[in-house]
Amino acid sequence: MTPPFSDHGGCVHSQSELTLRDGVVRDCSTEEGGGGVSGRFSRRLTIERSTITASTGNCGGGVDAGHGTSLTIIDSTIEGNSASTGGSR
């Protein structure tokens, strides 16, 4: 998945529940949180057997789970991302 640009979640954004399984998210960007994946307004975000890389965001270059989001990461690689503030994994 490599869309051009988004406010939240450069490639993937959820406001409910999201499971990303066996996915590759790369080369995404956003002005806000979660350059690759944003679950900022989600109840539950699960990333399983996936790779999130080379994405940029203001807060959370690879993933932004946001406040109150249950985040589960299983057998996944999140690396090579960058963020202005917050985590960059």
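For the single chain, residues carry numbers from 1 onward in sequence order.
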### Task
Work out which heavy atom in S55 is nearest to a heavy atom in G35; give both atom names and the distance.
CB-C, 3.8 Å
### Task
Answer whether the closest heavy-atom distance between the side chains of V37 and I78 falls below 4.5 Å.
no
### Query
Where is the tightest heavy-atom contact between G60 and A83, given as atom of each residue plus distance?
N-CB, 3.7 Å
### Query
Can you tell me how far the CG atom of L20 sits from the OG1 atom of T51, to the nearest 0.5 Å?
9.5 Å
### Query
Minimum heavy-atom separation for T56 to S82, with atom names?
CG2-OG, 2.9 Å
### Task
Give the minimum heavy-atom separation between G23 and S50, together with the two atoms involved.
N-OG, 3.0 Å
### Query
Of the non-hydrogen atoms in G61 and N81, which two are nearest, and what is the gap between them?
C-CB, 3.7 Å
### Query
Can you name the side-chain contact (heavy atoms from CB on, under 4.5 Å) partners of A54, sequence neighbours left out?
D27
### Query
Which residues pass the salt bridge (charged side-chain N to carboxylate O under 4.0 Å, His left out) test with E17, sequence neighbours left out?
R43, R44
### Message
Between V63 and L45, is the side-chain contact (heavy atoms from CB on, under 4.5 Å) condition met? List the steps.
### Response
CA-CA 10 Å; V63 177; L45 173 60; 4.0 Å; yes
### Query
Do S38 side-chain atoms and G34 backbone N/O form a donor-acceptor pair below 3.5 Å?
no
### Task
Supply the atom-to-atom distance I74 CD1 to R21 CZ, rounded to the nearest 0.5 angstrom.
8.0 Å
### Message
Once salt bridge (charged side-chain N to carboxylate O under 4.0 Å, His left out) is applied, do any residues pair with D22, and if so which ones, sequence neighbours excluded?
### Response
R49
#### Entry: Donor-acceptor contact present, side-chain T46 to main-chain T19, <3.5 Å
no
